[in-house]
Novice: 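Handing you a structure now.
Note that the numbering runs from 1 along the sequence shown for the chain. Atoms within a ligand are numbered from 1 in the order they appear, just like the ligands themselves.
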Amino acid sequence: MFENVPAYAGDPILSLNEDFQRDPRTDKVNLSIGMYFDEAGRLPVMSAVQAVEASLLEAAAPRGYLPMAGHAGYRDAAQALVFGANHEARLAGRIATLQTLGGSGALKVAADFLHRHLPASQIWISDPSWENHRVVFEGAGLTVNTYPYYDPQTGGLRFDAMRAAIDSLPERSVVLLHACCHNPTGVDLDRAQWAELIPVLQRRKLIAFVDMAYQGFGDGLDEDAACVRSLADAGVPLIVASSFSKNFSLYGERCGALSVVCRDADEAQRVLGQLTFAIRSNYSNPPTHGAKLVAGVLSNAALRAAWESELASMRQRIKSMRGRMHEGLAGLVDDVMRERYTSQVGMFTYTGLSEGQVERLRAEHGIYLLRSGRMCVAGLNQQNVGYVVSAIALVAANRDAQK
Ligand code: KET
């Protein structure tokens, strides 16, 4: 029956992470997957999460089904975190928010919704974007196109080309934007660029679809969501996929949310209903545990403050590792390759290393980056950063051996 099923080539991120786990070398360094590791190289279990978990264990509550749209307290807390507690659209009941299986689940549920209710609309993603964007959207039947984004010459943004491309899209096209800490490049729009782009989306009658998987890892929780709030203020039709995987360090609990900002509360109710149907037809309803953890932290002032401060120190630690790379590489690589460690933001730096150089880092030094040259800076620490600097200097200096 299944003799003609071809082999799965594997995923460029998750399969590489599995290769890393199997690598027997003791000095190996995992800079591949977008996960935050602490100074000791471990995934943090945040103290506020531990406190809620202890109380859940104590209560030993029964495990019924959640509603299809998810845990009510979680949905409300997730919405408030994305839009700000007092955003007008929120107070007016114009935002439909549902609990999803991570940020990925939000992308998939929204993609199913778009495919069913706006079948003529195509989606545009940045060039480059997170590899799985194309996979999820094409998997849901959408046609995926790209708009210019990254400039390999400068390690920065091709903003004019990006804006011009978006300014020429057909009405009702969907534009996927990264709220902050762009994956894979670490290159974000600044405030002035958002202010220039938002009227274009509005005028061209486009739908903004914002992926926010790294809220709190750029400049701060509110700062990182500023573009989402400006889009909502401007009345641009808006879909937001958000995730607690990284900022709560709850990867395996699959905690995400999908929010759609509508014109009025009635439209929001109808959209919520159709999104609920998309969930029912995919996996029926979401799991309880992670939702209770997140809702428990966000609804308690003291735990929330503890979480925010722990997240702030994670953000600071990433910045200090960026500084260490920048300092360490002085005189060893050219300035364009070096400056990006401090000019780019969030978990990722697009190193500009070639595929051949990335392969040498893995084969000769046990240092894992994505083939695209993306480095997860959050995998660096005081112990390994010097080793990574030296290895990059070695492979970057030997240009003849690049391919
Ligand atoms: N969006 C973006 C931009 C993103 O980087 C990730 C995960 C997700 C969504 C998915 O989030 P989740 O809540 O886990 O469903 N990115 C990292 C892990 C992965 O590829 O799955 C990464 O890029 O390494």
Side-chain angles (χ1 to χ4, degrees), residues 10-21 30-37 43 70 74 78 81-82 98-111 123 125-137 139-140 144 149-150 175-189 209-218 224-225 227-228 239-259 279 282-283 286-287 290-291 293-294 318 344-351 358 368-379:
D11 178 78
I13 301 176
L14 298 183
S15 303
L16 189 66
N17 189 48
E18 288 163 17
D19 290 349
F20 175 83
Q21 307 304 333
N30 191 2
L31 307 177
S32 63
I33 193 158
M35 296 174 95
Y36 176 90
F37 296 91
L43 288 179
Y74 174 94
L81 195 67
V82 171
L98 303 91
Q99 179 186 342
T100 57
L101 301 185
S104 306
L107 295 168
K108 164 68 171 149
V109 169
I123 189 162
I125 64 175
S126 58
D127 176 23
S129 199
W130 180 43
E131 275 96 336
N132 211 33
H133 279 146
R134 178 178 289 279
V135 176
V136 170
F137 295 139
V144 180
Y149 192 80
Y150 180 71
V175 183
L176 192 287
L177 299 156
H178 299 230
C180 60
C181 312
H182 183 271
N183 180 3
T185 68
V187 175
D188 286 341
L189 276 67
F209 188 163
V210 178
D211 186 354
M212 183 156 64
Y214 300 93
Q215 187 179 5
F217 282 96
D224 292 351
C227 61
V228 173
I239 303 171
V240 184
S242 56
S243 169
F244 294 112
S245 298
K246 332 267 171 174
N247 58 17
F248 266 78
S249 194
L250 279 175
Y251 306 88
E253 297 294 350
R254 312 309 293 131
C255 296
L258 172 62
S259 298
I279 286 173
N282 269 297
Y283 52 84
L293 294 176
V294 171
I318 292 180
Q344 297 175 353
V345 178
M347 276 203 193
F348 305 116
T349 282
Y350 222 37
T351 58
V358 167
Y368 285 66
L369 272 65
L370 298 195
R371 210 165 12 180
S372 63
R374 185 191 86 172
M375 172 192 287
C376 178
V377 206

Novice: Cut-off 3.5 Å, side chains only: do Thr351 and Thr349 have a donor facing an acceptor?
Specialist: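 The answer is no; no qualifying pair exists.
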Novice: Between Ser129 and His178, do the side chains contain a donor N or O and an acceptor N or O under 3.5 Å apart?
Specialist: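 The answer is yes; a qualifying pair exists.
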Novice: Counting N and O atoms only, with roles assigned by atom type, does the side chain of Asp224 sit under 3.5 Å from a partner on the main chain of Gly218, one being a donor and the other an acceptor?
Specialist: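 Between the backbone of Gly218 and the side chain of Asp224 there is a qualifying donor-acceptor contact (under 3.5 Å).
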Novice: Tell me which one of Asp211, Leu258, Leu107, Val210 satisfies side chain to side chain contact (heavy atoms under 4.5 Å, CB included) with Ile239.
Specialist: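 Testing each of Asp211, Leu258, Leu107, Val210 against Ile239, the sole residue satisfying side chain to side chain contact (heavy atoms under 4.5 Å, CB included) is Leu258.
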Novice: Can you check which of Asn183, Leu176, Asp211 brings a heavy atom nearest to atom 5 (O) of ligand 1?
Specialist: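 Among Asn183, Leu176, Asp211, the closest heavy atom to atom 5 (O) of ligand 1 comes from Asn183.
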Novice: Check each heavy atom of Ser104 against ligand 1 and say whether those closer than 4.0 Å belong to the side chain, the backbone, both or neither.
Specialist: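 It is both parts that get close, each with some atom under 4.0 Å.
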Novice: Output the list of atoms in ligand 1 that are nearer than 4.0 Å to some heavy atom of Gly102, sorted by atom number.
Specialist: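 Per the distance check, 13 (O), 15 (O).
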Novice: Can you confirm whether or not the ring centre of His182 sits under 6.0 Å from the ring centre of Tyr150?
Specialist: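 No - the distance between ring centres of His182 and Tyr150 does not fall below the 6.0 Å cut-off.
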Novice: Using a 4.0 Å cutoff against the non-hydrogen atoms of Arg374, which atoms of ligand 1 qualify?
Specialist: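 Near Arg374, meaning under 4.0 Å from one of its heavy atoms, ligand 1 has 22 (C), 23 (O), 24 (O).
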Novice: When you look for heavy atoms under 4.0 Å from ligand 1, do you find them on the side chain of Ile33, its backbone, both, or neither?
Specialist: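 It is both parts that get close, each with some atom under 4.0 Å.
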Novice: Distance under 4.0 Å to a non-hydrogen atom of Ser245: what atoms of ligand 1 satisfy this?
Specialist: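 Going through ligand 1 atom by atom, the ones under 4.0 Å from Ser245 are 12 (P), 13 (O), 14 (O).
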Novice: Looking only at distances, can you tell me whether any N or O atom of Gly34, backbone or side chain, sits closer than 3.5 Å to an N or O atom of ligand 1?
Specialist: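 Looking only at distances, the answer is yes, because the N/O contact criterion of under 3.5 Å is met.
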Novice: Kindly identify the option in Met35, His133, Lys246, Glu253 whose heavy atom sits closest to atom 17 (C) of ligand 1.
Specialist: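 Of the listed residues, Lys246 has the closest heavy atom.
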Novice: Are Lys246 and Tyr214 linked by a side-chain donor-acceptor pair shorter than 3.5 Å?
Specialist: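 There is such a pair between these side chains.
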Novice: Please confirm whether Trp130 comes under 4.0 Å of ligand 1, counting heavy atoms of the residue only.
Specialist: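 It does; at least one heavy atom falls under 4.0 Å.
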Novice: Report the part of Arg254 (side chain from C-beta onward, or backbone N, CA, C, O) that has a heavy atom under 4.0 Å from ligand 1; answer both or neither where that applies.
Specialist: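 Near ligand 1, Arg254 shows its side chain, while the N, CA, C and O stay back.
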Novice: For Glu131, which part has a heavy atom under 4.0 Å from ligand 1: side chain, backbone, both, or neither?
Specialist: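 No part of Glu131 comes within reach of ligand 1.
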Novice: Apply side-chain contact (heavy atoms from CB on, under 4.5 Å) to Val377 and Met347, showing your working.
Specialist: CA-CA 5 Å; Val377 206; Met347 276 203 193; over 6 Å; no
Novice: Would one find more than 12 heavy atoms of other residues, nucleotides or ligands at under 6.0 Å from atom CZ of Arg134?
Specialist: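 More than 12 heavy atoms, drawn from other residues, nucleotides or ligands, come within 6.0 Å of this atom.
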Novice: Using the benzene-type ring in the case of Trp, are the ring centres of Phe217 and Phe348 under 6.0 Å apart?
Specialist: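 No, ring centres 6.0 Å or more apart.
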Novice: Between Phe244 and ligand 1, which residue portion shows a heavy-atom distance shorter than 4.0 Å: side chain, backbone, both, or neither?
Specialist: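 No part of Phe244 is near ligand 1 at this cut-off.
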Novice: One residue to check: Lys108. Relative to ligand 1, which of side chain, backbone, both or neither has a non-hydrogen atom less than 4.0 Å away?
Specialist: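 Looking at Lys108 and ligand 1, no heavy atom falls under 4.0 Å.
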Novice: May I ask you to list the atoms of ligand 1 that are less than 4.0 angstrom from any heavy atom of Ala213?
Specialist: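 This gives 1 (N), 2 (C), 4 (C), 9 (C) as the contact atoms.
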